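Below is one structure, written out as structure tokens; comments come after it.
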Amino acid sequence: MYNNNTLHETEMSCFGGGPNFCPECGNVLPLPGIADVVCCPGCSFRIPVSEFSGQEIYSAVVFNPVEQTAVSQDDEDSEMKGPVIDRRCSRCNKEGMIYHTRQMRSADEGQTVFFSCIHCRYQEKEDS
């Protein structure tokens, strides 16, 4: 006979999951161990381990396959992509710089803007 914390088979439950779920609260039940009962970590529902007889329990760890990445561009070309703005380069004094932003400091501070000259490839940064 079940103790006071277990659900009798004749009583109705609000959850109708499988044998791996608590019929009282819907939590995932832990795997049966050495103890005679399995206890729900959410509501303390208890079920005898004998209720799990005949079930095969197994687990598997599946890793994502390692993908090969091909280098299709030089580093030089990849840094020269982005929106071009009308900003004068402090090195060659010509108009036209590409920019990108990064959050280098804490989240409550502004982003750091990196500029690259399209003519001489000089790089500048500005904390906004």
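Heavy atoms only: backbone and side chains are in, while hydrogens, waters and symmetry mates are out. The structure displayed is predicted, hence computed values, not measured ones. Along the sequence shown, residues carry numbers from 1.
Both Val113 and Ile85 are part of a single hydrophobic cluster, where members link through side-chain heavy atoms under 4.5 Å apart. Phe45 and Val38 fall within a single hydrophobic cluster, where Ile, Leu, Val, Met, Phe, Trp and Tyr side chains are chained together by heavy-atom contacts under 4.5 Å.
Once rounded to the nearest 0.5 Å, the distance linking SG of Cys120 with CE of Met97 reads 7.0 Å. Annotation: the span from Ile98 atom CD1 to Gln123 atom CD amounts to 10.5 Å, rounded to 0.5 Å. Rounding to the nearest 0.5 angstrom, the gap separating the CZ atom in Arg46 from the SG atom in Cys22 is 12.5 Å.
The number of heavy atoms from other shown groups lying within 6.0 Å of CG (Asp127) is above 12.
When all heavy atoms of His119 and Glu95 are compared, the pair lying nearest together is NE2-O, 3.0 Å. The shortest non-hydrogen separation linking Gly26 to Phe21 is O-CD2, 3.7 Å.
In this structure the side chain of Lys94 never reaches within 4.5 angstrom of the side chain of Tyr122, judged on heavy atoms. The shortest distance between side-chain heavy atoms of Leu29 and Cys40 falls below 4.5 Å. Asn27 places none of its side-chain heavy atoms less than 4.5 Å from the side chain of Cys43.
The closest donor-acceptor contact from the side chain of Ser128 to the backbone of Gly110 lies at 3.5 Å or more, if one exists at all. In this structure a side-chain-to-backbone donor-acceptor pair under 3.5 Å is present from Glu124 to Ser90.
Applying the salt bridge (Lys or Arg N to Asp or Glu O under 4.0 Å) test to pairs two or more places apart or on separate chains, those with a residue in residues 98-114 are Arg105-Glu109.
In this structure Phe115 satisfies the ring pair (Phe, Tyr, Trp, His ring centres under 6.0 Å) test with no other residue, sequence neighbours excluded.
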